[in-house]
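So that the names make sense, note that chain A is the first sequence line, chain B the second, and so on, each numbered from 1.
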2 protein chains.
Amino acid sequence: MGKGQQTRETIVGTALEVASVAGLDGLSIGDLAGRLGLSKSGLFAHFGSKEALQRAVLDAAVARFVATVVRPALARPPGLPRLEALVTHWIGWIEACGLPGGCPLLAAAVEFDDRPGPIRDMLRREQALWRDTLVRAARLATGLGHLRPGTDADRLAFELSATAYGYAVQQRLIGGPVLAAMVRAVLADILARVRVDDVAGRA
Amino acid sequence: MGKGQQTRETIVGTALEVASVAGLDGLSIGDLAGRLGLSKSGLFAHFGSKEALQRAVLDAAVARFVATVVRPALARPPGLPRLEALVTHWIGWIEACGLPGGCPLLAAAVEFDDRPGPIRDMLRREQALWRDTLVRAARLATGLGHLRPGTDADRLAFELSATAYGYAVQQRLIGGPVLAAMVRAVLADILARVRVDDVAGRA
DNA sequence: TTCCTTTCCGCACGACCGTTCGTTATCCTC
DNA sequence: GAGGATAACGAACGGTCGTGCGGAAAGGAA
């Protein structure tokens with residue numbers, strides 16, 4: 001990896017931390033250069049435009065999410081264990097993604113959902129992709145007989161994702177261990193309603 | 001109402017539209033003055049600081065939410081009808097609150113959840129207040145015998161609110177009538193699970 | 001060592017930011 | 001009609017914004 005590439009990654013890493021608090025639009029080339037001991041123009045040369053920097057930051061956020069949530073879950077056996085791992089790691093990510101400002105993907109989605117352009121296109125694509133990941137995992141779990149036959153994968157994915165998104169929204173302002181326990185109980189119940197309990201037979 | 005007060009309300013109304021798209025921090029005094037045919041200094045004099053303008057905009061957003069969602073629902077008879085009305089009007093607000101950028105309260109909550117200050121304090125207070133409104137409605141419905149005895153009002157309120165928040169997050173980027181139908185079905189099922197069905201007896 | 005490329009800097013530009021100040025219209029009250 | 005408050009203005013302040021250009025330093029290949 002050349003020096004330029006390394007510098008670029010350092011910049012994007014710091015920018016991701018800043019953006020998680022100030023938002024993608026709150027990023028400032030001058031401020032970022034100051035934090036890193038670089039000149040404004042030197043930092044700018046790595047990207048060519050502020051929007052390109054924002055896109056790089058978003059890419060980094062997605063990569064972090066995939067590494068923290070998706071990849072570990074896909075390593076679990078297919079079916080219910082994998083679906084449960086997706087949800088569990090997601091909740092963990094919401095509570096502690098390692099960035100000072102909470103989940104940058106949720107923040108960016110809410111920030112850019114009404115501003116046409118490549119950023120919104122990226123967000124739309126990533127959110128749809130994540131949704132599909134959940135739906136596919138649910139469908140697979142049904143196919144493997146872990147969930148009741150006839151389970152609506154789209155709806156199950158929506159119930160799980162809406163609960164997690166809703167938790168993410170409330171967790172930052174209200175938060176607390178009570179809420180943390182509640183979201184876990186709710187998610188467990190959603191799954192329990194469609195799970196095939198191979199001890200007691202179907203409900 | 002004096003002329004100043006009227007101008008102030010015009011400013012805040014336009015600012016609310018802008019902020020719903022650009023965010024509270026995306027508000028710009030100069031831009032706002034240009035839209036309204038006012039001078040920067042003339043507009044500024046009405047508030048004294050940008051933060052005071054942001055607070056006024058937030059107040060206006062809350063007032064709009066109360067007028068559109070809370071008040072009509074509180075006009076319904078207490079118990080299950082009122083709780084259902086709260087949720088139904090909320091979903092309606094999420095889909096069409098009359099502002100170009102979607103629900104400004106959700107946007108502000110995500111934007112400011114990690115920035116200490118009076119804005120975040122206001123948001124925290126309002127979000128907690130809205131939560132309490134749902135919890136109280138649920139508790140009242142249980143007390144009136146509309147919901148199963150022993151129903152956990154906190155948890156029911158969380159299930160409903162998380163579903164709505166989660167819908168709000170996904171609706172703007174993915175959206176569509178399928179999702180709209182799904183959230184309504186999910187909310188109906190959440191209520192059906194705790195409702196006392198006085199025709200067929202408890203389940 | 002030489003040479004070329006990559007990396008970064010200093011400087012500057014025009015635009016816009018929030019804010020302040022002094023001044024001018026407009027209106028209500030006496 | 002005079003006097004005082006209210007409302008809005010224009011100009012300017014110091015800063016920061018994203019961006020562009022020319023040159024200096026650093027690195028690697030020959």
Side-chain angles (χ1 to χ4, degrees), chain A residues 1-60 108 111-112 115-120 122, chain B residues 1-60 108 111-112 115-120 122:
Chain A
M1 173 169 53
K3 172 130 195 261
Q5 194 61 27
Q6 183 177 332
T7 305
R8 219 186 111 104
E9 293 189 9
T10 307
I11 294 171
V12 171
T14 303
L16 182 54
E17 290 186 15
V18 175
S20 82
V21 174
L24 273 184
D25 236 22
L27 283 176
S28 141
I29 310 242
D31 169 75
L32 221 45
R35 289 173 192 261
L36 294 165
L38 287 182
S39 69
K40 248 183 13 165
S41 52
L43 191 150
F44 181 82
H46 282 276
F47 302 95
S49 78
K50 181 176 178 179
E51 201 201 76
L53 167 65
Q54 292 176 322
R55 275 186 271 118
V57 169
L58 226 175
D59 274 329
E111 186 182 4
F112 279 85
R115 305 191 213 172
I119 303 274
R120 187 179 71 169
M122 289 178 66
Chain B
M1 171 171 52
K3 173 133 193 260
Q5 194 62 26
Q6 182 177 332
T7 305
R8 218 186 112 106
E9 293 190 7
T10 306
I11 295 171
V12 171
T14 303
L16 182 54
E17 291 186 14
V18 174
S20 82
V21 174
L24 273 182
D25 237 20
L27 282 175
S28 142
I29 311 236
D31 169 75
L32 221 45
R35 289 172 193 262
L36 293 165
L38 287 182
S39 68
K40 248 184 9 164
S41 53
L43 191 150
F44 181 83
H46 282 275
F47 302 94
S49 76
K50 181 176 177 178
E51 200 199 78
L53 167 64
Q54 292 175 322
R55 275 186 271 119
V57 168
L58 226 174
D59 274 330
E111 186 181 4
F112 279 84
R115 305 191 214 172
I119 303 274
R120 187 177 70 167
M122 289 177 67

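A close approach under 4.0 Å does occur between a side-chain nitrogen or oxygen of B/Ser28 and OP1 or OP2 of C/dC17. One finds no side-chain N or O of A/Ser49 lying less than 4.0 angstrom from the OP1 or OP2 phosphate oxygen of D/dT19. An OP1 or OP2 oxygen of C/dG18 is reached within less than 4.0 angstrom by a side-chain nitrogen or oxygen of B/Lys50. Phosphate proximity of D/dA8 to B/His46: present, with a side-chain N or O under 4.0 Å from OP1 or OP2.
Taking the nucleotide of DNA chain D with the nearest heavy atom to each of A/Gly48 and A/Asp31, the more 5' of the two is matched to A/Asp31. Take the nearest nucleotide of DNA chain C for B/Gly30 and for A/Ala45: the residue whose nucleotide is more 5' is A/Ala45. Mapped onto DNA chain C by nearest heavy atom, A/Lys40 and A/Leu43 fall at different nucleotides, with A/Leu43 at the one closer to the 5' end.
Nearest heavy atoms, A/Val12 versus A/Ala56: CG1-O, 3.8 Å.
Contact check for A/Asp25 versus A/Phe112: side-chain heavy atoms found under the 4.5 Å cut-off. Between A/Thr7 and A/Leu36 there is no side-chain heavy-atom pair separated by less than 4.5 Å.
For D/dG10, its base sits under 3.5 Å from the side chain of B/Ser41 at one donor and acceptor pair at least.
With A/Leu24 as reference, A/Glu111 is the one residue of A/Glu51, A/Glu111, A/Arg55, A/Lys50 to meet the side-chain contact (heavy atoms from CB on, under 4.5 Å) rule.
Across the protein-nucleic acid pair, A/Ile29 atom CD1 and D/dT16 atom P stand 16 Å apart, rounded to whole Å. A straight line from CD of A/Gln54 to P of D/dG18 spans 9 Å, rounded to a whole angstrom. Taking atom CG on A/Leu38 and atom P on D/dA25, their separation rounds to 17 Å, with Å as the unit. We find that CD of A/Gln5 is positioned 16 Å from C1' of C/dT5, with the value rounded to whole Å. Protein atom CD of A/Gln6 is 11 Å distant from nucleotide atom P of C/dT7, rounded to whole Å. Taking atom CZ of A/Phe47 as the reference point, atom C1' of C/dC8 lies 14 Å away to the nearest angstrom. In this structure, the CZ atom of A/Phe44 is 15 Å from the C1' atom of C/dC11, given to the nearest Å.
At the heavy-atom level, B/Leu27 lies under 4.0 Å from the strands shown only through sugar-phosphate atoms. B/Leu53 comes within 4.0 angstrom of no nucleic acid atom, judged by non-hydrogen atoms across all strands. Among the atoms of the strands shown, none is found under 4.0 Å from any heavy atom of A/Gly26. When heavy atoms are screened at a 4.0 angstrom cut-off, B/Gly34 is found touching no nucleic acid atom at all.
In terms of modelled atom types and a separation under 3.5 Å, the side chain of A/Arg8 and the main chain of A/His46 share a donor-acceptor contact.
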